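What follows is a short report on a single structure.
Since the structure is predicted, the reported quantities are computational estimates derived from the model, not experimental observations. Letters go in sequence order (proteins before strands), and every chain restarts at 1.
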2 protein chains.
Amino acid sequence: MNKEPFLDYIGNYITLSKEEEALLFSKIIERNYLKDQYIVQQGDVCKSVNFILSGCTKTFYIDAAGQEHIVGFSIADWWTSDLGSFITQSPADFHVQCIESTKILQFRYEELEVLYQEIPKLERLFRKITERAFVASQKRIIRNFSLTAKERYRIFKDTYPKIEQRVPQYMIASYLGITKEFLSKIKRQLSLEK
Amino acid sequence: MNKEPFLDYIGNYITLSKEEEALLFSKIIERNYLKDQYIVQQGDVCKSVNFILSGCTKTFYIDAAGQEHIVGFSIADWWTSDLGSFITQSPADFHVQCIESTKILQFRYEELEVLYQEIPKLERLFRKITERAFVASQKRIIRNFSLTAKERYRIFKDTYPKIEQRVPQYMIASYLGITKEFLSKIKRQLSLEK
DNA sequence: AAAGAAGATTAAACTAGATTAACTTTTATT
DNA sequence: AATAAAAGTTAATCTAGTTTAATCTTCTTT
């Protein structure tokens with residue numbers, strides 16, 4: 001198991017002893033998924049939170065009208081899960097699907113509960129991670145309210161340049177909450193403005 | 001200080017010893033605000049997270065065009081803050097203003113950091129609270145994407161009936177991301193449908 | 001009770017973005 | 001290389017929600 005990326009990542013938040021590290025890694029699983037495979041399926045109970053080592057996932061749901069809505073993308077050093085389903089152990093609202101072949105470190109529900117008891121610092125780690133995720137989510141709400149689609153697209157490009165290059169445009173449109181046709185129109189407008 | 005509501009609340013997540021409770025209450029402040037007073041001001045660094053004992057607050061921001069956008073309301077047993085500002089100790093994106101006279105328990109930044117060291121269980125408490133807040137925020141994003149304003153209004157009424165009664169309509173419109181005029185139109189439509 | 005301020009309604013004109021449908025380009029498969 | 005499938009573009013038409021502006025109603029304050 002390649003532990004470095006995850007150790008580097010958590011080093012931003014907490015410091016673990018060698019024993020704690022060993023215990024931690026004894027409870028997490030490295031898994032590989034192919035392009036198009038699902039890590040979480042809408043309707044199933046989500047049993048894991050997943051740290052991405054490589055690859056790319058999309059989190060989305062299918063609404064009553066059968067329409068797909070992309071909630072977010074995740075790449076290396078990010079997390080992916082349906083947290084609402086995970087914490088309440090109730091059916092997931094979202095699918096999480098790999099849009100490239102993807103390698104993850106998987107924390108399963110039961111093991112994580114045990115780990116919290118054995119390494120209380122992990123509470124701090126996940127508190128801080130979740131705080132940041134919540135703040136990002138709030139900022140997205142206000143962006144959706146006060147900005148036009150064109151401005152949102154510009155910010156998306158600036159904020160996640162790596163994702164923009166890897167993900168098909170129609171998925172970006174879905175993430176931005178607009179149709180692929182309208183994103184096409186925006187791109188032409190932007191190209192004419194320059 | 002009336003400790004009961006807060007003790008009842010945290011009892012849902014963690015169990016504290018009497019000594020821990022005493023320590024906790026030695027570090028938090030009870031404060032009273034009048035209608036229209038600000039707990040947090042956009043641009044200032046947010047120094048506290050606040051548990052509401054009574055009253056009602058709105059969290060909002062003023063955009064580049066001078067428009068007010070309401071991010072959320074909080075009533076008794078909820079929290080209010082600008083968490084992004086609080087955790088990074090950088091200028092707040094949001095105002096938090098009382099829309100009724102409001103009584104809060106205030107956790108100041110420095111004290112909370114100390115409390116986390118002294119009562120590690122509080123990490124767990126705030127992890128769980130933040131997880132729930134994050135999930136609610138995600139659900140709001142997907143609602144904003146896939147539902148019409150009329151549907152969103154219906155859900156708001158069903159989910160927060162107490163808030164709907166206490167808050168002027170133009171603020172609810174702002175929270176829903178629509179104009180007060182359009183909310184008026186929706187209400188007439190709903191009244192004709194019945 | 002009067003007067004002003006704050007909040008809510010109505011209606012007409014307008015626009016950002018959706019829908020539909022045809023077409024083009026790129027990528028994957030044999 | 002040929003074909004099909006997936007992704008992206010364009011343009012016409014349509015609609016949910018905005019804007020503007022006038023009017024009405026309900027609170028506050030004196």
Side-chain angles (χ1 to χ4, degrees), chain A residues 34-37 56 58 60 63-70 73 97-101 141-157 163-194, chain B residues 34-37 56 58 60 63-70 73 97-101 141-157 163-194:
Chain A
L34 296 173
K35 183 172 190 298
D36 297 336
Q37 273 193 302
C56 186
K58 64 171 174 175
F60 67 105
D63 71 15
Q67 269 249 294
E68 170 173 325
H69 298 270
I70 294 183
F73 302 104
Q97 186 180 20
C98 300
I99 58 182
E100 299 174 4
S101 72
I141 289 175
I142 69 177
R143 259 186 261 125
N144 289 160
F145 275 154
S146 53
L147 302 181
T148 62
K150 194 194 250 180
E151 292 167 318
R152 266 144 50 208
Y153 173 59
R154 224 189 243 126
I155 290 173
F156 174 78
K157 273 177 51 157
I163 292 177
E164 217 237 331
Q165 284 151 28
R166 288 159 81 164
V167 167
Q169 233 183 85
Y170 74 94
M171 289 188 195
I172 293 172
S174 173
Y175 173 83
L176 293 172
I178 59 178
T179 58
K180 62 191 196 313
E181 291 85 357
F182 192 59
L183 179 53
S184 226
K185 204 169 177 179
I186 287 171
K187 290 187 81 169
R188 191 186 39 182
Q189 284 172 9
L190 288 174
S191 74
L192 294 175
E193 280 170 21
K194 282 166 203 163
Chain B
L34 296 173
K35 184 171 188 301
D36 297 336
Q37 273 193 301
C56 185
K58 64 171 174 174
F60 67 106
D63 71 15
Q67 269 249 294
E68 170 174 327
H69 298 270
I70 295 183
F73 302 104
Q97 188 180 20
C98 300
I99 56 182
E100 298 175 4
S101 70
I141 290 176
I142 68 177
R143 258 185 260 126
N144 288 161
F145 276 154
S146 53
L147 302 181
T148 62
K150 193 194 250 179
E151 290 167 321
R152 266 144 49 209
Y153 173 59
R154 225 190 240 127
I155 290 172
F156 173 79
K157 276 177 49 159
I163 292 177
E164 218 238 329
Q165 285 151 28
R166 288 158 81 162
V167 166
Q169 234 182 86
Y170 75 93
M171 291 188 193
I172 293 171
S174 174
Y175 173 84
L176 294 173
I178 58 178
T179 57
K180 60 192 196 315
E181 291 84 358
F182 192 57
L183 179 54
S184 227
K185 204 169 176 179
I186 286 171
K187 290 188 80 170
R188 193 187 36 182
Q189 283 172 11
L190 287 174
S191 75
L192 294 176
E193 281 170 20
K194 282 165 202 163

Looking at R152(A), does any N or O in its side chain come under 4.0 Å of the phosphate oxygens OP1/OP2 on dA16(C)?
->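 Checking R152(A) against dA16(C): no side-chain N or O falls below 4.0 Å of OP1 or OP2.
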From [atom1] of [X] over to [atom2] of [N], roughly how many Å is that when rounded to an integer?
X: L176(A); N: dG17(C); atom1: CG; atom2: C1'; value: 13 Å
X: E164(B); N: dA8(C); atom1: CD; atom2: P; value: 11 Å
X: Q169(A); N: dA7(D); atom1: CD; atom2: P; value: 12 Å
X: D36(B); N: dA6(C); atom1: CG; atom2: C1'; value: 12 Å
X: N144(B); N: dG17(C); atom1: CG; atom2: P; value: 14 Å
X: Q67(B); N: dT19(D); atom1: CD; atom2: C1'; value: 11 Å
X: L183(A); N: dT9(D); atom1: CG; atom2: P; value: 8 Å
X: E68(B); N: dA6(C); atom1: CD; atom2: C1'; value: 14 Å

Pick out which of K187(A), K180(A), E164(A) makes a side chain to side chain contact (heavy atoms under 4.5 Å, CB included) with Q169(A).
->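 The option that passes is K187(A).
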Between L147(A) and K180(A), which is nearer to the 5' end of DNA chain C once each is assigned its nearest nucleotide?
->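 Result of the comparison: L147(A).
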Want to settle it: does K187(B) or A149(A) sit nearer the 5' end of DNA chain C, counting the closest nucleotide to each?
->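 Nearer the 5' end of the strand: K187(B).
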For the helix from dA1(C)-dT30(D) to dT30(C)-dA1(D), measure the angle between the helix axis at one end and the axis at the other, each built from five pairs, rounding to 10°.
->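 The end axes of the helix from dA1(C)-dT30(D) to dT30(C)-dA1(D) are about 50° apart, to the nearest 10°.
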Give me the ring orientation class for F145(A) and H69(B): parallel if the planes are under 30° apart, tilted from 30 to 60°, perpendicular past 60°.
->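 Aromatic pair F145(A)/H69(B) classed parallel.
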Looking across every strand, which nucleic acid part, if any, lies under 4.0 Å from Y170(B) by heavy atom: base, sugar-phosphate, or nothing?
->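 Here Y170(B) touches the backbone only, sparing every base.
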Decide yes or no on side-chain contact (heavy atoms from CB on, under 4.5 Å) for Y175(B) and R152(B), but give the supporting numbers first.
-> CA-CA 10 Å; Y175(B) 173 84; R152(B) 266 144 49 209; over 6 Å; no
Distance in Å, E100(A) CD paired with K58(A) NZ, rounded so as to fall on 0.5 Å steps =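 Separation between the atoms: 12.5 Å.
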Distance in Å, I172(B) CD1 paired with F156(B) CZ, rounded so as to fall on 0.5 Å steps |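 If we round to the nearest 0.5 Å, I172(B):CD1 and F156(B):CZ are 4.5 Å apart.
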Residue whose nearest DNA chain D nucleotide is more 5′ - T179(B) or K35(A) |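 This one resolves to K35(A).
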Using a distance-only test with no angle check, is there a side-chain donor-acceptor pair under 3.5 angstrom linking S184(A) and E181(A)?
->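 Absent: no donor and acceptor within the cut-off.
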Could you please spell out the steps behind the side-chain contact (heavy atoms from CB on, under 4.5 Å) verdict for F60(A) and M171(A)?
-> CA-CA 10 Å; F60(A) 67 105; M171(A) 289 188 195; over 6 Å; no
Per F182(B) side chain, nearest of listed nucleotides dT10(C), dT18(D), dA11(D) =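 The nucleotide sitting nearest to the side chain is dT18(D).
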Which one, dA11(D), dT9(D), dA11(C), comes nearest to the side chain of S184(A)?
->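 Nearest to the side-chain atoms of S184(A), counting from C-beta on, is dT9(D).
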